[in-house]
Number of protein chains: 2
Amino acid sequence: MKEGKNYELCEVKAGPENEKIFIGKTLGLTGCEVSVNYFKPGKGYGFVHSHKRNEEVYIILKGKGVFYIDGKEFDVHEGNIIKVLPNAKRALSAKADSELSFLCIQADQNSLVQSTREDGIISENKASWM
Amino acid sequence: MKEGKNYELCEVKAGPENEKIFIGKTLGLTGCEVSVNYFKPGKGYGFVHSHKRNEEVYIILKGKGVFYIDGKEFDVHEGNIIKVLPNAKRALSAKADSELSFLCIQADQNSLVQSTREDGIISENKASWM
């Protein structure tokens, strides 16, 4: 891991031997938790779960999968991003004929105060390419 | 966009004509904001910026880039995940010889109360593959 006063960096690769990697503790995240995930074809979560406080965002990076939410199932693929409210009962699996790589972000529901232009401050500093 | 009572789904693909796509408004996110980003070789942010409240997490999905933080620069590549504290002055560019795809998550610093096992509730429901 590489770190400076105001940042920390790690390197993560999920795969068949390492299906789910949480990075919150590694990087000392305080606003969200992020997991990097990989399922072999036909493999998926072994259980359905919901959350007490946290809204989740699933980002499908590669492959095809099946999303279960509250008793319904639908297909997902690369480029799909799914917001799931805390009390939804959810699970996810790779399709039988495809691997599935995805990220899952969890953050406290209604905790975001402002973002992007409201929260950003443009600096007069310049990077080498500017 | 597809939606149910407890979820919303969208499809996003960043590319040369659509370098930065914010999905918070599209999906009605309340815990974090997420952008999907793409830079052509040699292309990058045109300015350095910091944040008032939000911690950011950059996830490098593909390619190679240069990260600027507080006057220093270092290389990043697929698999790198970088936490950046609000007051850090930051920017990111694709390397001259590589495209760069990445995600950026912003969430209110210190807003995460609990996560994963502390926040999850296992359900007795079963998905079709269980």
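The figures that follow rest on heavy atoms only: side chains count, while hydrogens, waters and symmetry mates do not. Predicted model only: the values in this text are computed from it and were never measured. Lettering follows sequence order; numbering is per chain, from 1.
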Residue A/K20 excluded, over 12 heavy atoms near NZ under 6.0 Å: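 Above 12, so yes.
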Considering all heavy atoms, the nearest A/N54-B/D119 contact: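 Smallest heavy-atom distance, with atoms named: N-OD2, 2.9 Å.
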Side chain from CB out, backbone as N, CA, C, O: work out which of these in [X] comes under 4.5 Å of a heavy atom of chain B, or both, or neither.
X: A/E55; answer: side chain
X: A/L92; answer: backbone
X: A/K83; answer: both
X: A/N80; answer: both
X: A/E118; answer: backbone
X: A/S128; answer: both
X: A/V66; answer: both
X: A/I105; answer: side chain

Sorted by number, residues from residues 93-101 of chain A in contact with chain B (heavy atoms, under 4.5 Å):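 Interface residues of residues 93-101 of chain A: A/S93.
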Ring pair (Phe, Tyr, Trp, His ring centres under 6.0 Å) contacts touching residues 85-111 of chain B (sequence neighbours left out):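 For residues 85-111 of chain B: B/F39-B/F102.
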Residue, of A/Y68, A/W129, A/Y45, that accumulates the most heavy atom pairs under 4.5 Å with chain B: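 Heavy-atom pair counts peak at A/W129.
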Criterion side-chain contact (heavy atoms from CB on, under 4.5 Å) against A/Y7, the qualifying member of B/F74, B/Y58, B/F67: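 It is B/F74; the other options fail the test.
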